[in-house]
Amino acid sequence: MAKPTVAIFGGGVAGMSAAHELAERGFAVAVYERQPEYVGGKARSTRVPGSATPERPALPGEHGFRFFPGFYRHVTDTMKRIPYPGNRQGVYDNLVMTTRMLLGRGGKKPIVGLVNFPKSAADLRVLLDELLTSDTGLTDADKELFGARVWQLMSSSYERRQQTYERVAWWQYMSTDRQCGTRQPCPYEEYCVGGLTHSLVAAQPKLMSTKTGGDILVQLLLLMANPSAHTDRVLNGPTNDVWLFPWLRHLQTLGVEYHHNHLTTAIHCDPQTQRISGATVRDHTTGTTRRVQADYYLAAVPLERMALLVSPEMLAVDATLGCIHELANPKRHSLNWMNGVQYYLNQDVPLTNGHVICIDSKWALTVISQAQFWPKFPLGGYGEGNVKGLLSVDVSDWFTPGLNGKAAHHCTRDEIIHEVWNQLEAALNGGGMLLDRNMIIRANVDADIRPEDGALNNPTVSEHDAEPLLVNTANSWSLRPEASTGIANFFLAADYVRTNTDLATMEGANEAARRAVNGILAASGSAAAPCPIWPLHEPDILAVLRWEDRRRFAQGLPWTNELSWLGRLLHAANHLYHRIVGFK
């Protein structure tokens, strides 16, 4: 009996995840990916052009550095099923834990902080120093307001978050306009609202949904408070070497056909059968086009590409797909830029054992010093053999003027390299000279940034960033589709699909792929087990508070910090239960 066939358009994390789950369940899968050699979409690393030598491979570049928070469950579950020589849990064992976070501040000494629950005397010293001596400028009122807003999120019901906080922008929820009325950012905005938001998720805090930003912030804070959790993990080598290429090889051993350099140009819907009848792909290697046919079709392309593929014939069968056009409308600001710049140095500058957030940098920079995490991939083994250090920087704000008076999207590549380094020096050299321009051997800007395309003066997102990042703006959930569509043999897997993760990440892409695969299993009548899908975890101790708020929300009442007599009784019973369980 022939295997049911699935055509997957897009070979990023979502497409590869779907191919993996389907192949394990007995489907014949073909993936069509526009990249000529890379896999993994925005998760990929790259080869720096012109850096290879006869003796050594090209220097490793990146679209943007990798970050695996401890609340990721879907993508890490998949990683455990990707074989890697010498590893018991596959490529998952290539994740290593960071221990520190550094906040760089213009003209001030950087702040070193913990990212995990203290596990040693050294950790306690760092924590005490962070709490007692950091000159952040935050007032007691700032800290009280921030704590109150976070507590409200943690104790609010999921229903209130989805139906109320989803419609409120993060800036408004955090009461920023009331707190800081000046034009210049105040410490509360820099540390508690804007800086972390810009740097971690490339989101505009005045546009991002409170549900999205709040859920992720709560997850990170809970991880930091959990003695057994790892808040932040990174890969122990270039992404292609320690994850994506081993994954591609494993998919091919499972029978997945992977077609590079193939761009999907049309998806055809038959108005009579109301099903997808095929797709047109262009092979850029040969310059030819061909028709692809399968039993089921799965689109794992990003939002801006999918908006071009939704046809009137598809809308006639499933009108809700029209929301993809609306979501991709530039006026909604759903697409932002988050792209990498790498600096290859003549000496190693570790900075700290984790990520560095340049909290007040004009272009919202975050950076990690890679060499300390890549012991099996020494940088001297690449290029001309003279590189000893690598700073990988994510630029998250391309539309605010920098120290040079120009926004990044108006700059040439050389101007971007020069300005990003200036902002790094401004943020990190306050406690004494740390970075010096003479350290730079070579620099690399993500190839997706294409200022030479003639769109230098047009700030419209995606005109010269080939792969913009989705941002979940306030009230955008209603425009985001489910993985299963109203077309019986057509499914979606991308970071704009509705997921528990609710953030444009590798985790969200993997979860969306699992939801699409489960839809294909149901449509095909397969007896294979569905893909597991997990909710975001929050402590059971708060369940009573969320239950109480759910009752209030159902009655049309606002959130309150006051518990009813029944809530207090349940809270006391829950506390007694945990004490008894803990005693046993």
Side-chain angles (χ1 to χ4, degrees), residues 101-114 129-154 165 168-214 216-218 220-221 224 333 336 338 355-367 394-408 419-420 422-431 471 473-474:
M101 175 182 68
L102 188 143
L103 297 181
R105 310 171 301 161
K108 295 182 180 180
K109 181 181 178 181
I111 299 173
V112 178
L114 295 181
D129 183 65
E130 179 185 1
L131 292 174
L132 299 177
T133 66
S134 298
D135 56 335
T136 61
L138 290 169
T139 66
D140 289 341
D142 292 335
K143 298 172 186 177
E144 183 176 345
L145 176 60
F146 180 71
R149 289 292 176 263
V150 173
W151 176 249
Q152 182 174 338
L153 286 168
M154 296 174 68
Y165 300 158
V168 178
W170 179 245
W171 190 272
Q172 178 184 351
Y173 173 80
M174 296 301 286
S175 302
T176 300
D177 292 326
R178 181 167 52 111
Q179 182 71 9
C180 307
T182 64
R183 289 188 177 183
Q184 293 298 320
C186 68
Y188 180 74
E189 291 176 346
E190 289 184 334
Y191 288 92
C192 301
V193 186
L196 291 175
T197 304
H198 263 125
S199 301
L200 293 180
V201 295
Q204 297 290 337
K206 292 186 178 182
L207 299 174
M208 181 180 66
S209 156
T210 294
K211 176 194 175 295
T212 297
I216 299 304
L217 177 61
V218 166
L220 293 175
L221 292 175
M224 293 178 186
H333 304 288
N336 206 340
M338 191 174 190
H355 290 95
V356 178
I357 300 174
C358 301
I359 198 74
D360 55 359
S361 56
K362 300 295 185 181
W363 290 356
L365 307 182
T366 46
V367 58
D394 267 354
V395 181
S396 300
D397 189 338
W398 291 79
F399 304 102
T400 295
L403 300 174
N404 63 357
K406 297 176 67 174
E419 174 64 14
V420 168
N422 283 346
Q423 292 189 31
L424 289 177
E425 285 193 5
L428 298 174
N429 286 357
V471 174
T473 56

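Here the closest non-hydrogen pair linking Met174 and Leu145 is O-CD2, 3.8 Å. Across Gly214 and Leu153, no two heavy atoms sit closer than the pair CA-CD1, 3.6 Å. For the residue pair Pro110 and Ala427, the shortest heavy atom distance occurs at CG-O, 4.3 Å. When every heavy atom of Gln423 is checked against every heavy atom of Leu403, the shortest pair comes out as CG-CD1, 3.9 Å. Ser175 approaches Arg149 most closely through the heavy-atom pair OG-NH2, 2.8 Å.
How far CG of Leu102 is from OG1 of Thr366: 12.5 Å, rounded to the nearest 0.5 Å. If you take OG1 on Thr212 and CH2 on Trp170, they are separated by 10.5 Å, rounding to the nearest 0.5 Å. Between atom OG of residue Ser134 and atom CZ of residue Arg105 there is a gap of 6.5 Å, rounded to the nearest 0.5 Å. Here Ser361 contributes atom OG and Asn422 contributes atom CG; the two are 12.5 Å apart, rounded to the nearest 0.5 Å.
Side-chain contact between Val471 and Leu207 is absent, with no heavy atoms from C-beta onward closer than 4.5 Å. Between Asp394 and Trp363, the closest side-chain pair of non-hydrogen atoms is not below 4.5 Å. Counting heavy atoms from C-beta on, the side chains of Glu189 and Trp171 come closer than 4.5 Å. Under the 4.5 Å side-chain criterion, counting only non-hydrogen atoms from C-beta, Leu365 is in contact with Val420. Considering only heavy atoms from C-beta on, Asp397 stays 4.5 Å or farther from Lys362 through its side chain. In this structure, Tyr173 and Gln152 have side chains that are in contact, with non-hydrogen atoms separated by less than 4.5 Å. When side chains are defined from C-beta on, Leu103 does not count as touching Val112, because their heavy atoms never get closer than 4.5 Å. The shortest side-chain heavy-atom distance between Lys143 and Tyr188 does not fall under the 4.5 Å cut-off.
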task = Kindly indicate, with the supporting measurements, whether the criterion side chain to side chain contact (heavy atoms under 4.5 Å, CB included) is fulfilled by Thr473 and Met208.
result = CA-CA 4 Å; Thr473 56; Met208 181 180 66; over 6 Å; no
request  = List the steps and the verdict of side chain to side chain contact (heavy atoms under 4.5 Å, CB included) for Leu424 and Asn429.
outcome  = CA-CA 8 Å; Leu424 289 177; Asn429 286 357; over 6 Å; no
request  = Please lay out, stage by stage, how Phe146 and Asp142 fare under the test side chain to side chain contact (heavy atoms under 4.5 Å, CB included).
outcome  = CA-CA 6 Å; Phe146 180 71; Asp142 292 335; over 6 Å; no
ask   = Where do Asp135 and Lys108 land on the side chain to side chain contact (heavy atoms under 4.5 Å, CB included) test, with the steps shown first?
value = CA-CA 9 Å; Asp135 56 335; Lys108 295 182 180 180; 4.1 Å; yes
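No donor-acceptor distance shorter than 3.5 angstrom exists from the side chain of Ser396 to the backbone of Met338, with no hydrogens or angles considered. A donor-acceptor contact shorter than 3.5 Å links the side chain of Asp360 to the backbone of Gly106.
Take Lys109 and apply the salt bridge (Lys or Arg N to Asp or Glu O under 4.0 Å) test, not counting sequence neighbours, and it matches no residue. Residues meeting the salt bridge (Lys or Arg N to Asp or Glu O under 4.0 Å) test with Asp140, sequence neighbours left out: none.
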